[in-house]
Amino acid sequence: MQHNALNLLARGSTNDSRCAMPSEFDLIRRHFTRPAPHADLAVGDDAALFRVAPGMQLAVTTDALVAGTHFFHDTPPRDLGWKTLAVNLSDLAAMGATPRWATLALTLPAADEGWIAAFAEGFFDCAGRYGVDLVGGDTTRGPLAMAVTLFGEVPAGQAITRAGGQPGDDLWISGWPGLAALGLMCMQNRIRLTNASRALAALHRPTPRIEAGEALRGIAHAMLDVSDGLAGDIMHLCECSRLGAVLDADALPLAPLIAAGADELLARQTLLAGGDDYELLFSAPFDARDTLAALARKLDLPFTRIGCLTEEAGSILLDDGSKAPPRPLDVRGYDHFASLG
Ligand code: ADP
Ligand code: MG
C-alpha cells in the first residue's frame with residue numbers, strides 16, 4: 001500500500017485520543033487476520049507465501065464487486081462478504097479446481113467498524129465453508145468496492161476449460177438458474193413473488209458449486225460458471241469450443257422459477273438472460289448420463305440436460321418441440337458495456 005493521503009484510513013491513529021477511528025492496521029488485525037493452515041506466511045508481511053502440492057496446477061481468478069454496479073449500497077455487509085468470495089469460488093468451481101488461498105482488496109468510504117466486522121463475518125463464513133485461507137490484501141479509502149484474487153489447485157492437466165466441448169455432447173446446467181435474477185427484480189419492486197425467500201437467498205448468498213466442479217473432473221468436456229445469463233454463457237462455451245448448440249425449450253428448468261411466483265414468460269427470460277446465477281454449465285458425452293444422475297443425487301443438486309452441442313459453430317438454436325425447425329435463440333446475456341448506452 002502507498003503512504004499517500006488518499007490511501008489512509010486514519011493510519012496510526014490508535015494512540016491519538018483526538019481520533020476515535022481505528023487505524024488501518026487495527027482493522028486488518030481485528031477483522032481480517034485468521035489462522036491460515038494452508039499457507040507458510042499469511043496476513044501481516046509484505047507478501048504471502050504458500051506452496052502448491054506436487055503434481056498440481058495453480059488456478060487463479062479475480063473478480064471485483066463495485067457498489068452501484070454489482071450490488072446496492074445498502075446491501076447487508078454480511079451477505080456482501082459472503083458473495084465477494086462466493087463469486088470467485090464459482091470461477092474456480094468452473095475449472096474443477098479446489099480453492100485454497102485468497103487475497104482481498106477492500107475499498108471503503110469510511111472506517112465503519114460495525115460494517116467491516118459484519119462484512120468480515122460473511123467473508124469468513126464462506127471461507128470456512130470452502131476451506132479458503134485469507135492470506136493478504138489491501139485496505140484503502142474510496143468508493144465502496146471489493147476485489148478478491150483466489151488461488152486454487154487442480155491436478156495437472158485435469159482442469160475443465162471452456163474449449164473442450166465435443167459435437168454431440170449433452171449440455172447440462174446445475175441448480176436453479178434464473179432464481180437470483182428473480183430475487184433482484186423483486187428487490188427493485190419490478191415484480192412481486194409469492195415465494196421470494198429462495199430467490200433472495202440465491203441473489204445474496206449464492207452457493208458456489210465447488211463439490212460439483214471437482215466431481216466433474218474426468219466427466220465434463222467443457223465447463224463455465226453462469227454469471228451473465230445462461231444464453232450468453234452458452235454462447236461463450238460454444239465460441240471457445242468452436243461449436244454450436246440446440247436447446248430443448250421443454251427441458252429448461254422453469255419449474256423452480258414458476259414455484260417462486262414467476263409466470264412462464266418471466267421464468268424463461270430470467271432463466272436465459274438473468275445473470276448472477278453462479279451455476280455450472282457443462283458439456284458431457286452421452287455415456288455419462290447415468291454417472292451424472294448418480295452424482296446429482298449424491299450432491300443433492302439437480303443437473304438438468306438442456307440440449308446438445310452441434311458442429312455448426314456459432315449457431316445457438318432453440319427447439320420448441322413443434323414441427324417448425326429450431327429457431328435462433330435471441331436472448332442475449334447481460335453485457336456490462338453493451339447495456340451502458
Ligand atoms: P504494505 O503497505 O506493505 O503493502 P499493507 O499496509 O497494505 O502492507 O497491509 C499490511 C498487511 O495486511 C499485508 O500483509 C496485507 O496483505 C494485509 N492486508 C491488508 N488489507 C487486508 C485485507 N483487507 N484483508 C486481508 N489482509 C489484508
Ligand atoms: Mg508491502
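Note that ligands are numbered from 1 as they come in the structure, with each ligand's atoms numbered from 1 the same way.
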Should you measure from each heavy atom of [X], which atoms of ligand 1 turn up under 4.0 Å away?
{"X": "Asp45", "result": "13 (C), 14 (O)"}
{"X": "Ile28", "result": "12 (O), 18 (N), 19 (C), 20 (N), 27 (C)"}
{"X": "Phe25", "result": "6 (O)"}
{"X": "Gly44", "result": "11 (C), 13 (C), 14 (O)"}
{"X": "Phe32", "result": "24 (N), 25 (C)"}
{"X": "Gly136", "result": "16 (O), 24 (N), 25 (C), 26 (N), 27 (C)"}

With rounding to the nearest 0.5 angstrom, report the OG1 to CG distance, Thr103 to Leu150.
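It is 8.5 Å, given to the nearest 0.5 Å.
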How far does CG of Asp233 sit from CG of Leu272, to the nearest 0.5 angstrom?
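One gets 11.5 Å once the value is rounded to the nearest 0.5 Å.
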Could you see which bit of Asp138 sits under 4.0 Å from ligand 1, with heavy atoms only: side chain, backbone, both or neither?
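It is both backbone and side chain that touch ligand 1.
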Mind checking whether Leu134 contacts ligand 1 via backbone (N, CA, C, O), side chain (CB onward), both or neither, at a 4.0 Å heavy-atom cut-off?
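Side chain only.
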Checking the N or O distance criterion of under 3.5 Å, is ligand 1 in contact with Val135?
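No, there is no polar N/O contact under 3.5 Å.
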With sequence neighbours left out, which residue pairs that include part of residues 273-283 fulfil the side chain to side chain donor-acceptor pair (under 3.5 Å) condition?
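Residue pairs passing side chain to side chain donor-acceptor pair (under 3.5 Å), neighbours aside: Lys83-Asp276, Asp169-Ser283, Ser174-Glu279, Arg209-Glu279, Asp276-Tyr278.
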Asp91: what forms a side-chain contact (heavy atoms from CB on, under 4.5 Å) with it, not counting sequence neighbours?
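Applying side-chain contact (heavy atoms from CB on, under 4.5 Å) to Asp91 gives Thr61, Asp63, Asp225.
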Between Phe32 and Phe123, is the ring centroid distance below 6.0 Å?
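No, the ring of Phe32 stays outside the 6.0 Å limit from the ring of Phe123, centre to centre.
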Inspect the surroundings of CD in Gln188 and state if more than 12 heavy atoms from other residues, nucleotides or ligands are less than 6.0 Å away.
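Above 12, so yes.
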Considering Thr139, Asp46, Thr140 one by one, which has a heavy atom nearer to atom 23 (N) of ligand 1 than any of the others?
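Considering heavy atoms of Thr139, Asp46, Thr140, the nearest to atom 23 (N) of ligand 1 sits in Thr139.
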With a 4.5 Å heavy-atom cut-off, do Pro167 and Leu243 have their side chains touching?
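With C-beta onward as the side chain, the pair touches.
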Within-shell test, Glu24 vs ligand 1, heavy atom, strictly < 4.0 Å:
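Heavy atoms of Glu24 do come under 4.0 Å of ligand 1.
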Using 30° and 60° as the class limits, which term best fits the ring planes of Phe303 and Trp172: parallel, tilted or perpendicular?
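Perpendicular.
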